[in-house]
*Asks:* 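Just dropping this structure here.
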Amino acid sequence: MLTVLFEDVYSIPPGLTALHGDGMNLRTYLAKLALIAGLVISARAQSTLTSLDKSIDLSVGDHARVHTVLTTLQQAVAKHDAASVASLVHYPIKVNPGRKPFTIKNEKAFIKAYDDIITADIQDAIFKQKYENLFVNSEGAMIGDGEVWISSFCRDKSCKQSDIRIGTIQDTKNLKP
């Protein structure tokens, strides 16, 4: 079907060169062009997402879970919901919000230190991140310039069961060791 549309578009309709009446030929031709452009863009976007999903599946684990963690994180940060953000984190976690790094041992400590951890720069990186633009490698899925990493963590010694959680939070713009 797509081949037929391409062949149709590449041959200029006879009435296109000499428009007359209400210009229906030109509108029909442009509509076909728009349809094909939409199909090509949609196919490329689908291909890119499929490629990203496969990369996440291989490097991190379940791409659907990574997508859920990202979306939940963005919603929770938007609401300033410290408890929801804390529930997404793997503990203990060493955080570096641009000042001296410190370790958070559990959800309760995370909630207490939320405003010191989720700084404006980190929050900005979280809000700007789109799933389809995630950078993925063996370390996990990176948000922003490395402000947050979503990674896989083994729940047992054989690593047959794992969790996908936030494993890194750092302010990469103001990072100090």
Side-chain angles (χ1 to χ4, degrees), residues 37-157 159-177:
L39 289 172
V40 170
I41 290 169
S42 176
R44 282 191 180 152
Q46 184 63 37
S47 173
T48 302
L49 278 179
T50 301
S51 176
L52 174 65
D53 291 346
K54 286 179 182 176
S55 180
I56 290 172
D57 288 346
L58 290 171
S59 300
V60 186
D62 179 13
H63 69 272
R65 179 71 179 129
V66 170
H67 195 275
T68 298
V69 169
L70 174 62
T71 303
T72 303
L73 175 64
Q74 289 171 327
Q75 292 170 349
V77 170
K79 294 176 186 172
H80 202 266
D81 184 349
S84 290
V85 175
S87 72
L88 299 171
V89 174
H90 175 76
Y91 298 99
I93 184 172
K94 183 177 180 183
V95 298
N96 191 344
R99 296 177 296 281
K100 185 179 177 187
F102 56 97
T103 300
I104 301 292
K105 294 182 180 178
N106 55 44
E107 286 186 38
K108 185 177 178 181
F110 188 98
I111 293 166
K112 185 176 179 181
Y114 180 85
D115 290 323
D116 293 325
I117 299 168
I118 306 297
T119 63
D121 287 335
I122 293 171
Q123 180 175 305
D124 189 45
I126 292 167
F127 289 147
K128 287 181 179 176
Q129 185 63 56
K130 293 184 184 326
Y131 175 79
E132 58 271 13
N133 295 331
L134 283 171
F135 171 79
V136 181
N137 67 18
S138 61
E139 299 295 316
M142 181 178 81
I143 294 175
D145 291 326
E147 284 85 357
V148 178
W149 282 82
I150 300 170
S151 304
S152 180
F153 297 92
C154 297
R155 292 193 312 183
D156 57 19
K157 289 185 183 195
C159 207
K160 288 183 180 178
Q161 296 180 355
S162 62
D163 282 330
I164 295 176
R165 298 197 172 270
I166 296 168
T168 301
I169 300 174
Q170 59 190 356
D171 184 338
T172 59
K173 291 175 184 67
N174 303 302
L175 200 60
K176 295 176 186 165

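Model, not experiment: these values are computed from the prediction. Worth knowing before you read on, the calculation uses all heavy atoms, side chains too, and leaves out hydrogens, waters and symmetry mates.
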*Asks:* What do the steps show when you test Val85 against Ile117 for side chain to side chain contact (heavy atoms under 4.5 Å, CB included), and what is the final call?
*Replies:* CA-CA 11 Å; Val85 175; Ile117 299 168; over 6 Å; no
*Asks:* Under 3.5 Å, side chain of Asp163 to main-chain N/O of Arg165, donor-acceptor pair present?
*Replies:*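 No, Asp163 side chain to Arg165 backbone: no donor-acceptor pair under 3.5 Å.
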*Asks:* Taking atom CD of Gln123 and atom CD1 of Ile118, what is their separation to the nearest 0.5 Å?
*Replies:*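 The distance works out to 8.0 Å.
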*Asks:* Given Ile164 and Val60, is the side chain to side chain contact (heavy atoms under 4.5 Å, CB included) satisfied, shown in steps?
*Replies:* CA-CA 7 Å; Ile164 295 176; Val60 186; 4.3 Å; yes
*Asks:* Considering only heavy atoms from C-beta outward, does the side chain of Leu73 approach that of Phe127 to under 4.5 Å?
*Replies:*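 In short, these two side chains do not touch, never coming nearer than 4.5 Å.
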*Asks:* Distance-only, no hydrogens or angles: does the Ser162 side chain make a donor-acceptor pair with backbone N or O of Ser152 under 3.5 Å?
*Replies:* no
*Asks:* Give me the atom names and distance for the closest heavy-atom approach of Met142 to Gly144.
*Replies:* CE-O, 3.3 Å
*Asks:* Does Ser59 reach the main-chain N or O of Ser55 with its side chain, forming a donor-acceptor pair under 3.5 Å?
*Replies:* yes
*Asks:* Would you compute the distance between atom NE2 of His63 and atom CG of Leu134 and round it to the nearest 0.5 angstrom?
*Replies:* 12.0 Å
*Asks:* How far does CG of Asn96 sit from CZ of Phe102, to the nearest 0.5 angstrom?
*Replies:*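 Here the rounded value is 8.5 Å.
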*Asks:* To check you understand the geometry: which heavy-atom pair defines the closest contact between Ile122 and Pro97, and what is its length?
*Replies:* CD1-CA, 4.3 Å
*Asks:* Tyr91 versus Glu107: any side-chain heavy-atom pair under 4.5 Å?
*Replies:*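 When only atoms from C-beta onward are counted, Glu107 and Tyr91 do touch, with a gap below 4.5 Å.
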*Asks:* Okay, side chain of Thr72, backbone of Val69: is any donor-acceptor separation there less than 3.5 Å?
*Replies:* no
*Asks:* For a quick test of reading the model, state the closest non-hydrogen atom pair linking Ile143 to Ala125 and the distance between them.
*Replies:* CG2-O, 3.7 Å
*Asks:* To the nearest 0.5 Å, what is the distance between NZ (Lys79) and OG (Ser84)?
*Replies:*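 Rounded to the nearest 0.5 Å, the NZ-OG separation comes out at 7.5 Å.
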*Asks:* Does Arg155 use its side chain to pair, donor to acceptor, with the backbone of Lys160 at less than 3.5 Å?
*Replies:*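 Here the side-chain-to-backbone pair does not exist.
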*Asks:* Looking at Trp149 and Gly140, what are the two nearest heavy atoms and their distance?
*Replies:*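 What the structure gives for the nearest pair is CZ3-O, 3.5 Å.
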*Asks:* Output yes when a side-chain donor or acceptor of Gln170 lies under 3.5 Å from a complementary backbone atom of Val148, and no otherwise.
*Replies:*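 No, the answer is negative, given that no donor and acceptor are paired below the 3.5 Å cut-off.
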*Asks:* Have Tyr114 and Asp81 got a donor and an acceptor in their side chains that come within less than 3.5 Å?
*Replies:* no
*Asks:* Ignoring hydrogens, what is the shortest heavy-atom contact between Ala113 and Ile104? Give both atom names and the distance.
*Replies:* CB-CD1, 4.2 Å
*Asks:* For the side chain to side chain donor-acceptor pair (under 3.5 Å) test, which of Thr119, Thr172, Thr168 pairs with Glu147?
*Replies:* Thr172
*Asks:* Could you tell me the separation between the CD atom of Gln129 and the CG atom of Asp124, rounded to the nearest 0.5 Å?
*Replies:*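 Reported value, rounded in 0.5 Å steps: 11.5 Å.
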*Asks:* Verify the distance criterion only: is there a donor paired with an acceptor across the side chains of Asp53 and His67 at less than 3.5 Å?
*Replies:* no
*Asks:* Evaluate the ring planes of Phe153 and His90, with Trp represented by its six-membered ring, and classify them as parallel (under 30°), tilted (30 to 60°) or perpendicular (over 60°).
*Replies:*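 Judged by the thresholds at 30° and 60°, the geometry between Phe153 and His90 is parallel.
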